[in-house]
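The structure under discussion appears below in the form of structure tokens.
In this text, all values refer to a predicted model and were calculated from it rather than measured experimentally. FYI, the numbering just counts along the sequence from 1. Computed over heavy atoms, backbone and side chain alike; hydrogens, waters and symmetry mates excluded.
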Amino acid sequence: MPEAKAAPRASAGRHNGGAYVDRDKPAQIRYSNISAAKAVADAVRTSLGPKGMDKMLVELSKAQDIEAGDGTTSVVVIAGALLEACYRLLQKGIHPTIISESFQKAVEKGVEVLTGMSRPVQLSDRETLLNSATTSLCSKVVSQYSSLLAPMSVDAVMRVIDPATATGVDLHDIKIIKKLGGTIDDCELVEGLVLTQRVANSSVTRVEKAKIGLIQFCLSPPKTDMDNQIVVSDYAQMDRVLREERAYILNMVKQIKKAGCNVLLIQKSILRDALSDLALHFLNKMKIMVVKEIEREDIEFICKTIGTKPIAHIDHFTAEMLGTAELAEEVNLDGSGKLVKITGCSSPGKTVCIVVRGSNKLVIEEAERSIHDALCVIRCLVKKRALIAGGGAPEIELAVRLAEYSRTLGGMEAYCVRAYSDALEVIPSTLAENAGLNPISTVTELRNKHAQGDKMAGINVRKGGISNILEELVVQPLLVSISALTLATETVRSILKIDDVVNTR
């Protein structure tokens, strides 16, 4: 990173040979903001591409993550390069407003160029969707498992949407369940419901033709609203209290059995025990499988998946409130714990579960993040059904076309748009550097090919050279590239507008 030079000193708002020289303090503030943002971008640069190191996120990449779900490193690297261009333009005395407006013109032209070089994609074209998901997984720690995780991600998205009418994907309908133990090879996609909670009564671990009830009340003796103490003076009274308690719980369990329920899910309670030992004993005798400690936030997903309705009081426990499934069973995971699986739901909602396995917490977290990125790539294609080449091809194409566009402009604008186009070469340059290639000769050759009209020429990291990147199946959704470009430009324009800092204690 070039050293930050001292800001040019000048009297307030003086014109110097036609170029506007800003007041001293705003200039200093801009330089310090740009230097700080560039430092972050340089730290992130080393993680771009399949040969890059692991990622680090900042606010900008969070915005990219929400919008597109992928391209989080690229967006920070582009922003850093644009900031460096701003730094040089400011030092030449160009006013920040001119730089900002020129960058806006450049990004609008850039979106046109990207849209022009994209190609439409059909959601029925499974092969293309797989290529997009695989490209996303290539830069992750778990890239060697992309042949397993990419089809899983594509299948998961296609099961929760209607490909003909969908304009987006709600990723809350795809539940990722992390379970320690095994390897990433053991990850699986389950059509149905998977619960990490254990079955409470170990004698009933498999139920066929399951009728599932989900209760939000407690199967335990009632408590008074206030703290009270009951003093029992003789055994007869004590016996009566225990008998009442037994009759109360037995009555509730009989009502559950009468509705035809044979699998009972019990929501976690913070006020008292959701399930007493006595209730568990009765449920066990009636051969009802019990899973307790269901989290409140999982209720909506469970109801959507198995078609049940949550029951808040025993009086509402009727047959029509139950969900039905072919099989509910507790599955042993080769000594590394157990999971409850409910499959073959008769009225399934559009939901799926992905079980992520791994030998330690770090591997599981990384696998979950990688699957999330792959799901987001497919979501992007559902939102905007167009694909674009990867491997630095879009950025070089933008650089070449924006350089041509700058020649049609006049004055300072042409100079700023030219600086914008040069800054975009940071992506192919960084990809080449991280792949062990010579960045200068690689980018020069790429620029030459694009100038001759070969729009799909990109850096082939696997073979260590330049090739038609579409033939190598390195593709990404158009939305990822457009989002990265627009968000990076917006951020740079925001930083340019800051001309003072108020210190707070």
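Contact detail for Ser370 and Val142: the closest heavy-atom pair is OG-CG2, 3.2 Å. Between Lys341 and Glu188, the shortest heavy-atom contact is NZ-OE2, 2.8 Å. The two residues Ser153 and Leu375 come nearest to each other via the heavy atoms O-CD2, 3.5 Å. Between Ile440 and Thr444 the shortest heavy-atom distance is O-OG1, 2.6 Å. The two residues Glu472 and Ser467 come nearest to each other via the heavy atoms CG-OG, 3.6 Å. Of all heavy-atom pairs spanning Gly168 and Lys383, the tightest one is CA-CG, 4.4 Å.
Without hydrogens or angle criteria, Ser132 side chain to Thr128 main chain gives a donor-acceptor distance under 3.5 Å. A donor-acceptor pair is defined here as one N or O able to donate and one able to accept, closer than 3.5 Å; no such pair exists between the side chain of Asp422 and the backbone of Ala419. Side chain of Ser100 to main chain of Thr97: no donor-acceptor pair is present (N/O by atom type, distance under 3.5 Å, no hydrogens or angles). With hydrogens and angles ignored, the 3.5 Å screen pairs a side-chain donor or acceptor of Thr486 with a backbone N or O of Ser483.
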*Does the side-chain contact (heavy atoms from CB on, under 4.5 Å) test come out yes or no for Ile98 and Leu89, once each step is laid out?*
CA-CA 10 Å; Ile98 294 174; Leu89 294 169; over 6 Å; no

*After noting the C-alpha distance and the side-chain angles of Leu265 and Leu195, does the key distance pass the side-chain contact (heavy atoms from CB on, under 4.5 Å) rule?*
CA-CA 10 Å; Leu265 310 179; Leu195 300 169; 4.0 Å; yes

*Residue pair Glu490, Arg493: steps toward the salt bridge (charged side-chain N to carboxylate O under 4.0 Å, His left out) verdict*: CA-CA 5 Å; Glu490 278 171 22; Arg493 292 183 71 206; over 6 Å; no

*Which is it for Glu365 and Lys361 under the salt bridge (charged side-chain N to carboxylate O under 4.0 Å, His left out) test, yes or no, and what are the steps along the way?*
CA-CA 6 Å; Glu365 294 290 341; Lys361 208 170 179 181; 5.6 Å; no

*Taking it one step at a time, do Asn360 and Val363 satisfy side-chain contact (heavy atoms from CB on, under 4.5 Å)?*
CA-CA 6 Å; Asn360 61 52; Val363 171; 3.4 Å; yes

*asked:* With side-chain contact (heavy atoms from CB on, under 4.5 Å) as the criterion, how do Leu171 and Cys376 come out once you've worked through the C-alpha distance, each side chain's angles and the decisive distance to 0.1 Å?
replied: CA-CA 8 Å; Leu171 292 183; Cys376 286; 3.8 Å; yes

*For side chain to side chain donor-acceptor pair (under 3.5 Å), just list the numbers for Tyr405 and Ser421, CA-CA rounded to whole Å, side-chain angles, deciding distance to a tenth of an Å, and then say yes or no.*
CA-CA 10 Å; Tyr405 173 61; Ser421 74; over 6 Å; no

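Atom CG in Leu424 sits 12.0 Å away from atom OG in Ser429 (nearest 0.5 Å). The CD1 atom of Ile495 sits 4.5 Å away from atom CG of Leu83, with the distance rounded to the nearest 0.5 Å. In this structure, CE in Met412 is found 13.5 Å from CD in Glu101, a value given to the nearest 0.5 Å. Note that the CD1 atom of Ile94 and the SG atom of Cys416 stand 4.5 Å from one another [nearest 0.5 Å]. One distance of note links OG1 of Thr308 with CG of Leu214; it measures 5.5 Å at 0.5 Å rounding. Note that CD of Glu433 is 10.5 Å distant from CD1 of Ile459, once rounded to the nearest 0.5 Å.
No donor-acceptor contact under 3.5 angstrom links the side chains of Tyr145 and Thr183, judged on distance only.
Summarising the local packing, NZ of Lys384 is surrounded by 12 or fewer heavy atoms from other residues, nucleotides or ligands at distances under 6.0 Å. Crowding of Tyr415 atom OH: a count of heavy atoms from other residues, nucleotides or ligands under 6.0 Å not exceeding 12. The environment of Lys350 atom NZ is dense: over 12 non-hydrogen atoms of other residues, nucleotides or ligands sit within 6.0 angstrom.
For residues 147-163, the set of pairs meeting the salt bridge (Lys or Arg N to Asp or Glu O under 4.0 Å) definition, not counting sequence neighbours, comprises Arg126-Asp155, Arg159-Glu191. Evaluation of the side-chain hydrogen bond (donor to acceptor under 3.5 Å, both in side chains) test over residues 108-123, restricted to residues two or more places apart or in two chains, returns Gln104-Glu108.
By the 4.5 Å heavy-atom criterion applied to side chains, Glu425 and Arg447 are counted as neighbours. By the 4.5 Å heavy-atom criterion applied to side chains, Lys268 and Ile294 are not counted as neighbours. In this structure the side chain of Ile354 never reaches within 4.5 angstrom of the side chain of Ile177, judged on heavy atoms. You'll find the side chain of Arg385 reaches within 4.5 Å of the side chain of Leu123, heavy atoms only. At a threshold of 4.5 Å between non-hydrogen side-chain atoms, the residues Ile378 and Val169 do not count as touching. The side-chain heavy atoms of Leu485 and Leu398, taken from C-beta on, include a pair separated by under 4.5 Å. Taking the side chain as every heavy atom from C-beta outward, Leu137 and Ser143 never approach each other to under 4.5 Å. Inter-residue side-chain proximity for Arg407 and Arg418 is flagged as met; some heavy-atom pair is nearer than 4.5 Å.
Under 4.0 Å is where a charged nitrogen must lie from a carboxylate oxygen, and between Lys304 and Asp173 at least one such pair does.
With Gln476 as the fixed residue, the side chain to side chain contact (heavy atoms under 4.5 Å, CB included) test singles out one of Leu381, Val377, Asn131, Ile388: Ile388. Pro428 pairs in a side chain to side chain contact (heavy atoms under 4.5 Å, CB included) with only one of the listed residues (Leu446, Thr442, Leu437), which is Leu446.
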